[in-house]
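Here is the structure we will look at, set down as structure tokens.
All values derive from a computational prediction rather than experimental measurement. Chain identifiers are assigned alphabetically (A, B, ...) following the order of the sequence lines, protein sequences preceding nucleic acid strands; residue numbering begins at 1 within each chain. As a basis for the values below, the full set of heavy atoms in this structure was taken, side chains included, without hydrogen atoms, waters or symmetry mates.
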There are 2 protein chains.
Amino acid sequence: MSPQLAAMTGILKDRGIRLTAERRAILKGIHSCGGHFDADTLLDHFRRRGDRVSRATIYRTLGTLVEIGLLRKIEMGDRQSLYEPVEGREHHEHMICLHCGEIIEFVEPEIERLQDEVCRRSGFTPQDHTLQIYGICYACNCENVAGESGTAGAGR
Amino acid sequence: MSPQLAAMTGILKDRGIRLTAERRAILKGIHSCGGHFDADTLLDHFRRRGDRVSRATIYRTLGTLVEIGLLRKIEMGDRQSLYEPVEGREHHEHMICLHCGEIIEFVEPEIERLQDEVCRRSGFTPQDHTLQIYGICYACNCENVAGESGTAGAGR
DNA sequence: TCTAAATTGAGAATCTGTCTCAACTGGAGA
DNA sequence: TCTCCAGTTGAGACAGATTCTCAATTTAGA
């Protein structure tokens with residue numbers, strides 16, 4: 001068991017959340033997915049491996065993991081939510097490539113500070129925020145310059 | 001017909017988009033709604049007035065208006081989209097009160113500038129972005145200090 | 001006025017996600 | 001190790017927003 005996985009299961013135990021076979025599988029699945037993933041990807045992952053974890057359990061468990069701070073939920077606007085492990089990483093925002101779907105993380109503390117300032121000015125108490133920049137990533141830009149086959153497509 | 005409405009219909013004509021009775025009604029409805037609205041609000045608006053515009057037409061037309069830049073679509077994360085007229089207004093972001101649902105607009109050019117800088121650094125070509133801050137608005141803050149009935153509720 | 005093409009309406013379909021409830025199970029205590 | 005029960009699960013119904021389908025209708029140019 002990887003140290004991260006061990007840490008996660010430890011946190012569940014500490015919180016008095018039962019370590020069921022399904023939850024173990026989901027934690028493992030999250031790590032094998034790497035970065036960002038959605039509920040359906042995880043469901044497919046289990047189906048392909050022959051593990052049986054129901055849709056309801058996946059959604060429930062992802063919700064629990066968000067609640068206890070092990071995952072972060074990112075609302076993508078295309079009415080599908082993505083999740084990403086938090087594991088002590090800095091709070092970051094996302095650039096999303098409309099061409100290849102790549103998600104690039106970035107950290108810009110000055111933006112965070114300005115947001116806080118805006119809130120203070122309006123007497124607004126911030127609890128959470130999302131900043132997403134949609135556009136074309138470096139790789140797709142290069143490709144397009146090379147290929148130049150016309151419109152990039154990829155909705156939104 | 002208001003000058004804004006005239007301008008909007010002019011834009012539709014210029015684009016070769018047919019001016020049907022339903023589209024006229026939707027344009028008028030958008031203006032009478034004022035600020036932010038969702039597809040369902042618009043549908044209700046028509047139902048109450050006795051106008052008959054189908055749900056499909058509303059969604060289709062709103063999509064068209066976003067496409068040609070007359071409306072801006074705001075994804076709220078609770079998997080319902082809001083729309084707002086663009087009509088030459090400055091690009092702004094939103095603070096959303098989790099308690100009363102109030103949407104407060106704000107402009108912060110410095111944040112925009114920093115975003116552009118981040119993109120430039122990554123070779124990312126930005127096309128659009130969304131920044132939403134969730135929290136508790138001034139009015140609800142005051143109310144809570146006065147009432148102090150416990151948790152504010154309102155999920156997320 | 002005619003006509004082709006665009007648009008509409010009604011309701012089915014889809015897509016995420018949540019809920020229900022009977023069956024199951026982890027793990028604390030005996 | 002055994003028991004027990006509160007917490008969990010699975011299957012599928014359900015929900016809400018949005019999109020799709022396709023026949024009927026309408027717009028706008030000729």
Test salt bridge (Lys or Arg N to Asp or Glu O under 4.0 Å) applied to A:E102 - qualifying residues, sequence neighbours left out: none
With sequence neighbours excluded, residues passing ring-ring contact (aromatic ring centres under 6.0 Å, His included) with A:H31: none
Separation of C:dT14 P from A:D40 CG (nearest whole Å): 15 Å
same_hphob_cluster(B:V86, B:L131) at 4.5 Å side-chain heavy-atom cutoff: no
Five-pair end axes of the helix from C:dT1-D:dA30 to C:dA30-D:dT1 and the angle they enclose, rounded to 10°: 30°
Whole angstrom value for the distance that separates P of C:dG17 from CG of A:L43: 11 Å
Residue mapping more 5' on DNA chain D - nearest nucleotide basis, A:G16 or B:A39: A:G16
Pairing residues for A:H45 by the ring-ring contact (aromatic ring centres under 6.0 Å, His included) criterion, not counting sequence neighbours: none
Per-nucleotide protein contact string for nucleotides 18-30 of chain C, where B marks a base within reach and S marks sugar-phosphate only (heavy atoms under 4.0 Å, - for neither): BBB----BBS---
Side-chain N or O of A:S81 closer than 4.0 Å to phosphate OP1/OP2 of C:dG17: yes
Test salt bridge (Lys or Arg N to Asp or Glu O under 4.0 Å) applied to B:R49 - qualifying residues, sequence neighbours left out: B:D51
Boundaries of the DNA chain D segment in contact with chain A, non-hydrogen, under 4.0 Å: D:dA6 to D:dT18
For atom CG of A:L82 and atom P of C:dT16, their distance in whole Å: 11 Å
Partner residues of B:E87 under the salt bridge (Lys or Arg N to Asp or Glu O under 4.0 Å) criterion, sequence neighbours left out: none
Qualifying residues under side chain to side chain contact (heavy atoms under 4.5 Å, CB included), relative to B:A21, sequence neighbours excluded: none
Between side-chain atoms of residues 10-17 of chain A and protein atoms elsewhere (two or more places apart, or another chain), which donor-acceptor pairs fall under 3.5 Å?
none

Partners passing salt bridge (Lys or Arg N to Asp or Glu O under 4.0 Å) against B:D116 (at least two apart in sequence or in another chain): none
With sequence neighbours excluded, residues passing side chain to side chain contact (heavy atoms under 4.5 Å, CB included) with A:V66: A:L71, A:K73, A:Y83
Aromatic ring proximity, centroids under 6.0 angstrom, A:H91 and A:H129: yes
